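This report refers to the structure that appears directly beneath it.
Quick caveat: nothing in here was measured; it's all calculated off a predicted structure. To find a chain, count down the sequence lines: A is the first, B the second, and so on, and within it residues start at 1.
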Number of protein chains: 2
Amino acid sequence: MRPGGGRGARCRRMVRPGHWGVRARVERFSEPALLLLLRERATHGYELLEALPALTGEARVDMGNLYRVLRALEEDGLVTSRWESGDPGPAKRIYELTEQGRRLLDEWAAALLRSRDRLDTFLQRYEGG
Amino acid sequence: MRPGGGRGARCRRMVRPGHWGVRARVERFSEPALLLLLRERATHGYELLEALPALTGEARVDMGNLYRVLRALEEDGLVTSRWESGDPGPAKRIYELTEQGRRLLDEWAAALLRSRDRLDTFLQRYEGG
DNA sequence: TATCACATGTGTGTTTTACATGTAGGAAGG
DNA sequence: CCTTCCTACATGTAAAACACACATGTGATA
């Protein structure tokens, strides 16, 4: 328990001792990333996992959570899936973007644009001071 | 319990029914925002609370969490505080940025810059498709 | 036959955020 | 004097998002 090494009250994701880990990630960013990848081409989870870092920077998405997100997307009709064996190796579950998922991607893009503008505002104010 | 109204498995912050709430916020963004405001001028929590929305867009920061963040910052020597009465109204706890806090702000700015670039990459790939 | 890479998952704890509530000083009005 | 409101600071707790560990099975290859 307590992998961080047992500090007292509030240990905020330390990278080095006495050093707050600051990564500035966008919440649930793997979600729009998945939708974008699936817009480009229907494919399966493991491949998405390998394609994600190019979009997210360093954030290699956790496998377990990736599959959970994919199934959540499917539950809400944003993607569909079908099993595909035949190729060498284990069966793959191929995900495809639906029209609804496409719309969600558009919303994400709009939100990410706003987010980028907020960051610009912040950074300008930072540099100006 | 379950204020959202008892949906099944995975309710992902719905804004309207059948509609995923997509806000694309940066994690812990209130933290660099606080540090930036305090770099400009030492002040107290309640005033920071009112100044924050201008930086964060819509995200009016939750009061309770704001004060918790401030005390966490203080615990790690990133800000200092002193009580100040004398003015009308209840006593205020005035926070001031330390040199260490200033350095943390610089790190945040670097991380936020990377984050902005990632968003640009994403958005370009989005528009290109 | 043991091991490795591919592929899909579940379990569970930690961190971060959201929502509700509590305490208290002082001004304004009845 | 009593109530109500605004300021200001704070705690309690549940939900959401995330990280880490592990389980399962296929097929290739050493």
Euclidean distance, B:Leu48 CG relative to B:Leu34 CG, rounded to 0.5 Å: 5.5 Å
Per nearest nucleotide of DNA chain D, the residue lying toward the 5' end, A:Gly89 or A:Ser30, is A:Ser30
Whole angstroms only, please: what is the CE-P distance between A:Met63 and D:dC20? 15 Å
So if I take every side-chain heavy atom of B:Tyr95 and compare against C:dT17, D:dA10, D:dC9, which nucleotide ends up nearest? D:dA10
Rounded distance in Å - CG (A:Leu66) to P (D:dC18): 13 Å
Side chain of A:Pro90, heavy atoms from C-beta onward: which of D:dA17, D:dA10, C:dC6 has the nearest atom to it? C:dC6
Distance check: side-chain N/O of A:Arg68 vs OP1/OP2 of D:dC18, anything under 4.0 Å? no
For the pair B:Asp76 (side chain) and B:Leu78 (backbone), establish whether a donor and an acceptor sit closer than 3.5 Å, ignoring hydrogens and angles. no
Categorize A:Gly64 for me: base, sugar-phosphate, or nothing, with a 4.0 angstrom heavy-atom threshold over every strand shown. base
From the list C:dT8, D:dC9, D:dA19, which nucleotide is the closest neighbour of the side chain of A:Arg25? D:dA19
For A:Arg23 and C:dT15, is the shortest distance between a side-chain N/O and OP1 or OP2 below 4.0 Å? no
Please report the distance, rounded to the nearest Å, between CD in B:Glu84 and P in D:dC9. 11 Å
Interatomic distance, CD@A:Glu75 vs CZ@A:Arg68, rounded to 0.5 Å, equals 13.0 Å
For B:Leu49 and C:dT17, what is the distance between atoms CG and P respectively, to the nearest whole Å? 15 Å
Does OP1 or OP2 of C:dT8 have a side-chain N or O of A:Arg93 closer than 4.0 Å? no
Would you say a side-chain N or O of B:Arg71 is under 4.0 Å from OP1 or OP2 of D:dT11? yes
Roughly, in whole Å, what's the span from OH in B:Tyr67 to C1' in D:dT7? 9 Å
Does A:Asn65 contact D:dA19 through a side-chain donor or acceptor facing the base, at a distance under 3.5 Å? yes
Between D:dC9 (P) and B:Lys92 (NZ): distance, integer Å: 7 Å
When the distance from CG of B:Asp62 to C1' of D:dT11 is rounded to whole Å, what number comes out? 11 Å
Nearest of C:dA7, D:dT7, C:dT17 to any side-chain atom of B:Tyr46? D:dT7
Using atom CG of B:Leu48 as one end and atom C1' of D:dT7 as the other, report the distance to the nearest whole Å. 15 Å
Show your reasoning for whether side chain to side chain contact (heavy atoms under 4.5 Å, CB included) applies to B:Phe122 and A:Thr56. CA-CA 8 Å; B:Phe122 182 97; A:Thr56 60; over 6 Å; no
Shortest non-hydrogen pair, A:Lys92 vs A:Pro88, comes out as NZ-O, 3.6 Å
